[in-house]
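Reminder, nothing fancy here: chain letters follow the sequence lines and each chain counts from 1.
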Amino acid sequence: MPDTTTTSAVSSAATAVLPGRAAAPGTDRDRTVRIALIVLGLSAAAAAPFVLYPVFVMKVLCFALFACAFNLLIGYAGLLSFGHAAFFGGAAYVTAHAAKVWGLDPALSILLGTGFAGLLGLVFGALAIRRQGIYFAMITLALSQMIFFLALQMPFTGGEDGIQGVPRGMLFGVIDLNRPLAMYYFVLAVFLAGFVLIWRTVHSPFGQVLKAIRENEARAVSLGYRTERYKLLAFVLSAALAGMAGGTKALVFQLASLTDVTWQMSGEVVLMTLLGGMGTLLGPVVGAAFVVMLGNYLAATSLPVPVVIGAIFVVCVLVFRRGIVGELAHRLRSRPSRDR
Amino acid sequence: MVTLFGIPAQALFGQLLLGLINGSFYALLSLGLAVIFGMLNVINFAHGAFYMVGAFTAWLMLQHLGIGYWPALLLAPLVVGLLGIVLEKTMLSRLYKLDHLYGLLLTFGVALMLEGGFRHWFGVSGMPYPIPAELRGGQNLGFMFLPNYRGWVVIASLVVCLGTWYAIERTRLGAYLRAATENPVLVQAFGINVPVMVTATYGFGVALAGLAGVLAAPIYQVNPLMGSNLIVIVFAVVVIGGMGSILGAIVTGLGLGLLEGLTKVVYPEASSIVVFVIMAIVLLIKPAGLFGRER
């Protein structure tokens, strides 16, 4: 995003939450706190299915991975894709088809879905990065709508019904994923793998170049970086990870349906990321948990869900652009500077 | 009388007419988007929702106030325009200093609220809107049968589109508008109230969407979701045409509508995706769009 006020907000939030350059002199105490937080988070995730309804937590994890993948583009490369549902839902169809019709191993099915989403991301990305900013958003939206129409018409997707009764199967032929706990830890493992990959990407030299492109693409070009390639690679990576989330979701709910490829789904992942905090690692996770919880809560009331979602969107854009995690990080960071 | 040329030709002309009507709506909507984008640098995601609100306003006025089609043709765009002005004043105007993407996100939220609200109150089934008495029936053109109302829609939207083009390109007010698009600070220094112009532009742009909604009401059914499917296609139309020129938006809209109609005859399965395929091809050959300027 070229604008200075937003980008500085995003990047300051990013450096505050992430162990980046700015926090580097923060030394041993920070490190201990960070490790303690990671251990705490992991044990909470491990204990979650005993406290909460496992399918609910799995849903949160799938959407959290989806939002993290989306955040890799908007938060670190400054590219707003409005068509990520195509990768999420497209991969869900491929995974469901592989697991149900071809009877493949669940892990392999998800891998196929991920690969499909990555290839689709390559095609979409190659087209969309030819334009910038608002046009980029419109192009990704239009291309994903094309996938929606294909999903509606092609015979193997089952049209309005979707692919139902997808078997979860035996992981590596050994672990029965029909047991809720086994399925839960499998989903947790998939999520963690994706999350660690994003974490590594963001902190790699590649991630730094992405941030440079976000802050000032012209300058990155003048420094000799082929920004097109970096953006395309980031797009493919984001699409593939969104696909991994979609494929996993298809196994969790044993269903791949049109809902997953609608542009409303693309909007929902934007909201999760915006609400949690763009450009923060944990923001999308928090945002996803919030939106999924909200969806569950609203389903029990008579309130119309899109109206509430839309209202949150409006409020976030108007007064809460840092998001939950971004705002927290901003508060935490500004307090010590006042003490000094 | 309808089988003068045999079935295939009949189907061809029928689909082309349908395409021309769709194209008129694409042209009206992408014109509004282009006008708003030129002035505000905002892509108005709520454009489809305002189109739907325009149709609903006409329907509600007929149902509850007994106001017919002709007054509604004027009143509904006015209502929608006022709604747009309120939205611009209270929300959009706070975002101009930020990245343009926030405008897109805000109007997306507004679109969800409008569509969700109407869906909640009126359900998803379509409500029929009667064709006004003056325009019932049709003309036999020799090679095809042309329903009067459909002919009227094509002519009316063409007149509105060309009128807008004339107002922007050929009048003094339009000159101010174009100048303010290029350099708002300088225009303001000359004593022209740019913020008011921005507000009025947004109001006018969404009023065009509202007008399209009223025109569409007797053809398609009045339905809360009528705008959301249209807006994505209109986005593709805008990408294909490029937002640089007003005439470009009109020509691209009509052309793509016709092409979609033609596809329905030749290869019906592809008719829903043909616009997107063309968008991909245009992006490969001329990324700035057919009428756009390379920036």
Side-chain angles (χ1 to χ4, degrees), chain A residues 1-7 9-10 74 78-80 82 123-124 126-128 130-139 141-150 152-154 262-264 266-268 270-271 274 302-319 321, chain B residues 33 37 41-43 45 49 90-92 94-95 97-121 228-229 231-240 242-243 269-277 279-281 283-284 287-289 292 295:
Chain A
M1 296 191 160
D3 178 78
T4 45
T5 41
T6 48
T7 44
V10 169
I74 181 79
L79 299 172
L80 173 61
F82 231 102
V123 177
F124 281 20
L127 286 170
R130 298 173 74 88
R131 301 300 301 271
Q132 266 136 20
I134 275 170
Y135 282 100
F136 185 89
M138 287 198 292
I139 293 164
L141 173 65
L143 289 172
S144 84
Q145 192 68 3
M146 190 163 82
I147 296 298
F148 171 81
F149 281 121
L150 286 177
L152 188 64
Q153 289 173 352
M154 275 170 38
T262 54
W263 58 265
Q264 285 87 346
S266 297
E268 212 159 288
V270 178
L271 179 65
L274 184 67
S302 65
L303 285 168
V305 182
V307 177
V308 178
I309 298 262
I312 298 176
F313 236 110
V314 170
V315 170
C316 273
V317 171
L318 284 178
V319 295
R321 284 185 288 273
Chain B
L33 277 182
F37 182 77
N41 271 321
V42 163
I43 273 293
F45 211 120
T90 53
M91 298 178 189
L92 265 179
R94 296 155 179 257
L95 300 175
K97 291 201 183 80
L98 302 172
D99 193 291
H100 305 328
L101 293 175
Y102 282 113
L104 177 78
L105 294 179
L106 180 90
T107 47
F108 175 71
V110 171
L112 281 184
M113 284 172 73
L114 283 174
E115 272 168 14
F118 276 89
R119 203 162 130 186
H120 187 63
W121 291 315
S228 67
N229 296 322
I231 190 66
V232 185
I233 299 178
V234 172
F235 277 0
V237 171
V238 163
V239 173
I240 294 169
M243 278 191 289
E269 287 81 6
S271 63
S272 53
I273 62 166
V274 64
V275 173
F276 305 118
V277 174
M279 182 189 80
I281 296 170
L283 279 171
L284 284 175
R295 278 201 286 188

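- The candidate from B:E115, B:R119, B:M279, B:R94 with the greatest count of non-hydrogen atom pairs under 4.5 Å with chain A is B:M279.
- Annotation: maximal heavy-atom pairing with chain A below 4.5 Å, among B:L114, B:L106, B:V275, occurs at B:L106.
- Taken to the nearest 0.5 Å, the CD1 atom of B:I231 stands 9.0 Å off from the CG atom of A:L141.
- Here CD1 of B:I273 is found 11.5 Å from CG of A:L152. Values are rounded to the nearest 0.5 Å.
- How far CG of B:N229 is from CZ of A:F148: 7.0 Å, rounded to the nearest 0.5 Å.
- Contacts of A:S302 with chain B are made by backbone atoms alone, with heavy-atom separations under 4.5 Å and no side-chain atom involved.
- Remark: the backbone N or O of B:P287 is not paired with any side-chain donor or acceptor of A:R130 at under 3.5 angstrom.
- Ring geometry for B:F45 against A:F82 counts as tilted: the plane angle lies between 30° and 60°, on a 0 to 90° scale.
- Distance CG/B:L104 to CG/A:L80: 6.0 Å, rounded to 0.5 Å.
- The distance from atom CZ of A:F136 to atom CG of B:L101, rounded to the nearest 0.5 Å, is 10.0 Å.
- Closest non-hydrogen pair, B:A236 versus A:A142, comes out as CB-CB, 4.0 Å.
- Within the 4.5 Å cutoff, the side chain of A:V307 has no heavy atoms near those of the B:H120 side chain.
- For the side chain to side chain contact (heavy atoms under 4.5 Å, CB included) test with A:R321, the passing option among B:L105, B:L95, B:D99 is B:L95; the others fail.
- A distance of 6.5 Å separates CG of A:L274 from OH of B:Y102, quoted to the nearest 0.5 Å.
- Side-chain contact between A:I134 and B:F37 is present, with heavy atoms from C-beta onward closer than 4.5 Å.
- Listed options B:V239, B:T107, B:V277 were ranked by heavy-atom pairs under 4.5 angstrom with chain A; first place goes to B:V239.
- A:Q264 and B:S228 share no side-chain donor-acceptor pair at under 3.5 Å.
- Both the backbone and the side chain of A:V314 come within contact range of chain B, judged by heavy atoms closer than 4.5 Å.
- In this structure, chain B has heavy atoms under 4.5 Å from both the backbone and the side chain of A:A311.
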